[in-house]
Every structure is written in C-alpha cells, then in structure tokens.
Amino acid sequence: MANFLTRYLPRRFRSDAITIPVVRLSGAIMASGSLLRPALSLATAAPLLEKAFAHKRAPAVAIVVNSPGGSPVQSRLIYQRIRDLAREKDKRVLVFVEDVAASGGYMIACGGDEIIADPSSIVGSIGVVSGSFGFVEALRKLGIERRVHTAGTNKATLDPFQPERPEDIEHLKALQREVHETFIELVRESRGTRLVEGDDLFSGLFWSGKRGMELGLVDRLGDLRGVLRERYGKTAKPVLIQGSRSLFGRKTSGIRAETQGGGMAAIGAGITSEFIGSAEERMLWARFGL
C-alpha cells in the first residue's frame, strides 16, 4: 500500500533509497521442527522468499545463509524455489554467507547468482553423511531381548538394536552415492567454470571463505551492507523480510508442534524427541567448530 501511494507524491517528497529485500535462512535444515526448535525447510522459507521477490522495484534480493546443513531434499527444494522465483521475477540474487554455509547450507547458497562470504566463513562440505548408534551390546548387558517381526526381508534394515549386515551397509552407501552425485551436479551447474576442481572439492571437506573463493565456491569476500552500498550506491537500504504476525502479534513461521495421544505420556515423548533433535542439531554445528 505504501509503495502504491508513493507514486502519487511529488518527487521532492519521495525517498531516493534503493530498497533491497533481505531474507535470512538460518539453522539446521529439516522437514519439520517445533516451537522451541524451529527448522529451516521449504515450508518456513517459501513465504519469506515470496515476499522478498514480490518487491517490484528492487533490483535484487539478498539472502543471508547461516546453516550447517541437514536434509538434502529440503535443501534442494529451497534452492529450486530461489532459482524459480529469480527467473519468474527477473531478479538478481546475492547470497551472503555468515558463519557457515556447509553441506545443505551450501546447496542453498548455490541458488544465488553470486555468493559473498566473510573471509572466516565456512563453506563447502559437498558430501553426504549418515550417522547412528548401535545398541546391540547394551541390550545384551541389560538382559533385554529385541523382538522384531517384519513382512519383507529388508524392512528392518539398519536397525540400531541388531547387528549390522554387510548388505545393508552397501545399500546405504549406494544410496549416499546417488544423493552425492545429485549434489555435485547441482554445484557444477550453478558454479560452472568458476569452479577449480580437484580431488578434494567434492570429498566433503570444508574451507574458509577466503579459500572457498580461490576454489570458485565463493565469488567474493565482503559483508551485506558494504556490498549493497558498493553495488547500488549509498542510498541502498537493506530491508529484512519477516514472517507475518498472528492475531496476538507473534511471528508465524509455519511450524507447529504436534503430539500424539495425551497426558504425561505425550509430554514425555515430546521432551525426549526435543532432546534428541537438539542433540542432533548441536552435532551439525559442532562439526564446524560452532
């Protein structure tokens, strides 16, 4: 409404500022989260991206990425939504890396026409990892008998309470190789001839923003305010895009907490799930010393 009314004001009353919408995409990338532990997913990112690209007079959209990775599916969906909107709205996309854009976080960063990082940012980690725990010996020591009944010989594949089978491990590794190849193709398509390919580039290693620029993973070093002012002049004004507010004034993120059942059992299950989820997220960040 404000932009509509501005058109009819005399020029001397109009602002000469060039507005650049800014979207912050932060956190571990997961399909779902909770009120206490919000996750970065297409469901949470899409409304912000739609609002940012709807700014008709903005010459570009700035996206700030700060993520250690997570779900490869959600990462690629967010990447694809950024590219689709950029083509649809004819906007240039500038991605700014804060602490880390690694693994799925780097996949999202590839949605930018340019990637700008701090010299000490962490980028890369182009690989696929799967981790779990084995509790076979713990059950044996506790005298607990594990009972599993399936219809389908591979339905209990990689059950952490049963010994690993070589064929299960090989199946998982084959799946990882397929996902890894999809990741590599996306990076090559996005970065093109800017990449300086070597034995380590797609090995899962990660680098500083400075080294990432030498490898072609990053286009330049800098920060959001400085780059926007350099690119669009001193009147460039970054405007943070935020979620809509509910009736009670709280920002809505598209995340809702769900519990099945009721009473203390549901609360206990929710607390346990929250604890495990928080531990997993903490491990993602810890891989990069954060």
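Since this is a predicted model, take the numbers as computed values, not measurements.
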For this session: Of all the heavy-atom pairs spanning Gly105 and Val65, show the shortest one and how long it is.
Result: O-CG1, 3.6 Å

Exercise. Shortest non-hydrogen contact from Ser103 to Pro68?
Worked result: CB-O, 3.9 Å

Exercise. For the side chain of Arg83 and the backbone of Gly111, is there at least one donor-acceptor N/O pair under 3.5 Å apart?
Worked result: yes

Exercise. Mind checking what makes side chain to side chain contact (heavy atoms under 4.5 Å, CB included) contact with Lys234, not counting sequence neighbours?
Worked result: Arg229

Exercise. Can you name the salt bridge (charged side-chain N to carboxylate O under 4.0 Å, His left out) partners of Asp223, sequence neighbours left out?
Worked result: none

Seminar exercise, completed: salt bridge (charged side-chain N to carboxylate O under 4.0 Å, His left out) pairs touching residues 173-186, sequence neighbours excluded, are Glu170-Arg177

For this session: Under the side chain to side chain contact (heavy atoms under 4.5 Å, CB included) rule, what do Ser67 and Ile108 come out as? Steps first, then yes or no, please.
Result: CA-CA 9 Å; Ser67 173; Ile108 292 175; 5.7 Å; no

Problem set entry | Any side-chain heavy-atom pair of Leu94 and Leu228 under 4.5 Å | yes

Exercise. So, Asp90 and Arg87, do they make that salt bridge, N to O below 4.0 Å?
Worked result: no

Problem set entry | Value rounded to 0.5 Å, distance of CD in Gln176 from NE2 in His171 | 10.5 Å

Exercise. For Leu77, what residues pass the side chain to side chain contact (heavy atoms under 4.5 Å, CB included) criterion, not counting sequence neighbours?
Worked result: Leu42, Val73, Gln74

For this session: Carefully, step by step, assess Cys110 and Tyr79 under the rule side chain to side chain contact (heavy atoms under 4.5 Å, CB included).
Result: CA-CA 7 Å; Cys110 285; Tyr79 159 87; 4.1 Å; yes

For this session: Please write out which residues are connected to Val239 in a hydrophobic cluster, directly or through intermediates, given that two of Ile, Leu, Val, Met, Phe, Trp, Tyr count as joined at side-chain heavy-atom separations below 4.5 angstrom.
Result: none

Problem set entry | Glu114 vs Arg231, salt bridge (charged side-chain N to carboxylate O under 4.0 Å, His left out): CA-CA, chis, key distance, verdict | CA-CA 12 Å; Glu114 295 180 56; Arg231 185 73 53 86; 2.9 Å; yes

For this session: Would you confirm whether Thr44, through its side chain, and Ser41, through its main-chain N or O, come within 3.5 Å as a donor-acceptor pair?
Result: yes

Exercise. Are the side chains of Leu49 and Ile82 in touch, meaning some heavy atoms are under 4.5 Å apart?
Worked result: yes

For this session: Rounded to the nearest 0.5 Å, what's the gap from CG on Leu195 to CZ on Arg188? Could you check?
Result: 8.0 Å

Problem set entry | CD (Glu189) with more than 12 external heavy atoms under 6.0 Å | no

Exercise. Any donor and acceptor pair, going by atom type alone, linking the side chain of His180 with main-chain N or O of Ile126 inside 3.5 Å?
Worked result: yes

Exercise. About how many Å separate CZ of Arg81 and CZ of Phe53, when rounded to the nearest 0.5 Å?
Worked result: 11.0 Å

Which atom pairs, donor and acceptor, lie under 3.5 Å between side-chain atoms of residues 206-214 and protein residues at least two apart or in another chain?
unit_1 : atom_1 : unit_2 : atom_2 : d
Ser208 : OG     : Arg211 : N      : 3.1
Arg211 : NH1    : Glu214 : OE1    : 2.8

Exercise. Can Val97 be reached from Val187 by stepping across I, L, V, M, F, W or Y side chains whose heavy atoms are under 4.5 Å apart?
Worked result: yes

For this session: Check the hydrophobic clustering (I, L, V, M, F, W, Y; side-chain heavy atoms under 4.5 Å; chains of links allowed) and say if Val196 and Ile184 are grouped together.
Result: no

Exercise. Side-chain contact, heavy-atom cut-off 4.5 Å: Ser26 with Leu40?
Worked result: no

Problem set entry | Worked verdict on Lys89 versus Val61 for side chain to side chain contact (heavy atoms under 4.5 Å, CB included) | CA-CA 10 Å; Lys89 304 296 184 181; Val61 170; over 6 Å; no

For this session: State the CZ-CE distance between Phe183 and Met107, to the nearest 0.5 angstrom.
Result: 4.5 Å

Problem set entry | Sidechain-backbone polar pair: Asp219 side chain, Ile116 backbone, donor-acceptor under 3.5 Å | no

Exercise. Side chain to side chain contact (heavy atoms under 4.5 Å, CB included) between Phe96 and Val22: does it pass, once the steps are laid out?
Worked result: CA-CA 10 Å; Phe96 294 86; Val22 179; over 6 Å; no

Problem set entry | Under 3.5 Å donor-acceptor, Arg24 side chain and Leu240 backbone | no

Exercise. Could you give the distance from CD1 (Ile115) to CD1 (Ile63), rounded to the nearest 0.5 Å?
Worked result: 10.5 Å

Exercise. Going only through I, L, V, M, F, W and Y residues with side-chain contacts under 4.5 Å, is there a path from Leu25 to Leu85?
Worked result: yes

Problem set entry | Single-linkage hydrophobic cluster Ile20~Leu48, side-chain heavy atoms < 4.5 angstrom | no

Problem set entry | Verify same cluster id: Ile29, Val64 (apolar side-chain graph, 4.5 Å) | no

Exercise. Okay, side chain of Lys51, backbone of Pro21: is any donor-acceptor separation there less than 3.5 Å?
Worked result: no

Exercise. In this structure, are over 12 heavy atoms from other groups packed under 6.0 Å from Arg225 atom CZ?
Worked result: no

Exercise. Between OG of Ser75 and CG of Leu186, what distance do you get to the nearest 0.5 Å?
Worked result: 10.0 Å

